[in-house]
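Read the structure below first, then the notes.
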Amino acid sequence: MSWTEERIEKLKKLWGSGKTAAEIADELGDVTRNAVIGKANRLGLSSKSTPAAAKPKKKVIPAHRACQWPIGHPGEDNFHFCGDEAVPSKPYCLKHCNMAYQNKDNN
DNA sequence: CCCTGATTCGC
DNA sequence: GCGAATCAGG
């Protein structure tokens, strides 16, 4: 089997898509990963430009976390955390956030 | 030990 | 140019 244009096209496409040489080899068929890599490097490829293109995953961050405000005393039977909706970028909910940051001129 | 790509080397 | 063998990194 020789490297036809279509096979090279597929090689480049798959390689550029972040596929591994083994995957590409399997995809093309009748080639080992070595052949794929060898051809790839001869083609001037090698490193994959942007592997992220293979998985167009949308960046999602934790919308909210449970409020980490401790309720009760550590070791106590009923000791637990608030668990309410924490404000973004903060470990506590609004209520406890106020409590956490209220040490202004209170004293 | 499994995998990966990179390079080497004979064809 | 081709790909297996080998090398080197995770």
Side-chain angles (χ1 to χ4, degrees):
Chain A
M1 200 56 112
S2 55
W3 283 105
T4 61
E5 284 298 318
E6 61 178 7
R7 286 161 69 84
I8 296 175
E9 288 271 317
K10 202 167 188 177
L11 161 63
K12 292 194 299 184
K13 177 186 172 187
L14 294 173
W15 188 275
S17 297
K19 290 298 193 83
T20 65
E23 288 292 303
I24 299 168
D26 181 69
E27 183 72 26
L28 290 167
D30 198 55
V31 278
T32 63
R33 68 180 201 93
N34 302 329
V36 172
I37 292 171
K39 184 59 181 177
N41 89 38
R42 251 169 265 128
L43 283 172
L45 300 121
S46 302
S47 14
K48 296 170 277 277
S49 44
T50 166
K55 33 178 73 172
K57 263 291 189 176
K58 203 165 184 283
K59 180 189 175 187
V60 56
I61 59 177
H64 70 277
R65 295 190 316 278
C67 175
Q68 299 300 299
W69 191 272
I71 306 296
H73 299 155
E76 295 230 357
D77 181 61
N78 63 344
F79 173 69
H80 64 285
F81 293 99
C82 172
D84 207 337
E85 278 194 42
V87 303
S89 309
K90 290 210 160 65
Y92 307 124
C93 65
L94 276 173
K95 178 174 59 179
H96 291 131
C97 225
N98 290 331
M99 296 177 68
Y101 297 104
Q102 78 174 181
N103 59 335
K104 297 293 291 302
D105 53 354
N106 187 24
N107 191 18

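So you know, we letter chains A, B, ... as the sequences are listed, proteins then strands, and number each from 1.
For Lys19(A) and Glu27(A), the salt-bridge test fails: no basic side-chain N is under 4.0 Å from an acidic carboxylate O.
In this structure, Ile24(A) atom CD1 and dA6(B) atom P are separated by 11 Å, rounded to whole Å. Spacing between atom CG of Asp30(A) and atom C1' of dA4(C) amounts to 14 Å, rounded to whole angstrom units. If you measure from atom CD of Glu5(A) to atom P of dG1(C), you get 14 Å, rounded to the nearest angstrom. Note: CG (Leu43(A)) to P (dG5(B)) measures 15 Å, nearest angstrom. Put simply, CG on Asp26(A) is 13 Å from P on dG5(B), counting in whole angstrom units. The nearest whole Å value for the distance from the CG atom in Asn34(A) to the P atom in dC11(B) is 17 Å. Taking atom CD1 of Ile37(A) as the reference point, atom P of dA8(C) lies 16 Å away to the nearest angstrom. Going from atom CD of Glu23(A) over to atom P of dG5(B) covers 9 Å, rounded to whole Å.
The side-chain heavy atoms of Glu85(A) and Leu94(A), taken from C-beta on, include no pair separated by under 4.5 Å.
Across dG3(C), dT4(B), dC2(C), the shortest atom-to-atom separation from the side chain of Lys39(A) is found for dC2(C). Of the candidate nucleotides dT4(B), dC2(C), dT7(B), dT4(B) has the atom lying nearest to any side-chain atom of Ala22(A). The listed nucleotides are dG3(C), dT7(B), dA6(B); the one nearest the side chain of Trp3(A) is dG3(C). When the nucleotides dG5(B), dG1(C), dA6(B) are ranked by their closest atom to the side chain of Arg33(A), dG5(B) comes out on top.
A parallel orientation is assigned to the rings of His96(A) and Trp69(A), their planes being inclined by less than 30° (bins at 30° and 60°).
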For the pair Trp3(A) and Leu43(A), evaluate side chain to side chain contact (heavy atoms under 4.5 Å, CB included) and give the outcome as yes or no after the intermediate values.
-> CA-CA 11 Å; Trp3(A) 283 105; Leu43(A) 283 172; over 6 Å; no
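Put simply, Thr20(A) has a side-chain N or O that comes within less than 4.0 Å of OP1 or OP2 on dT4(B).
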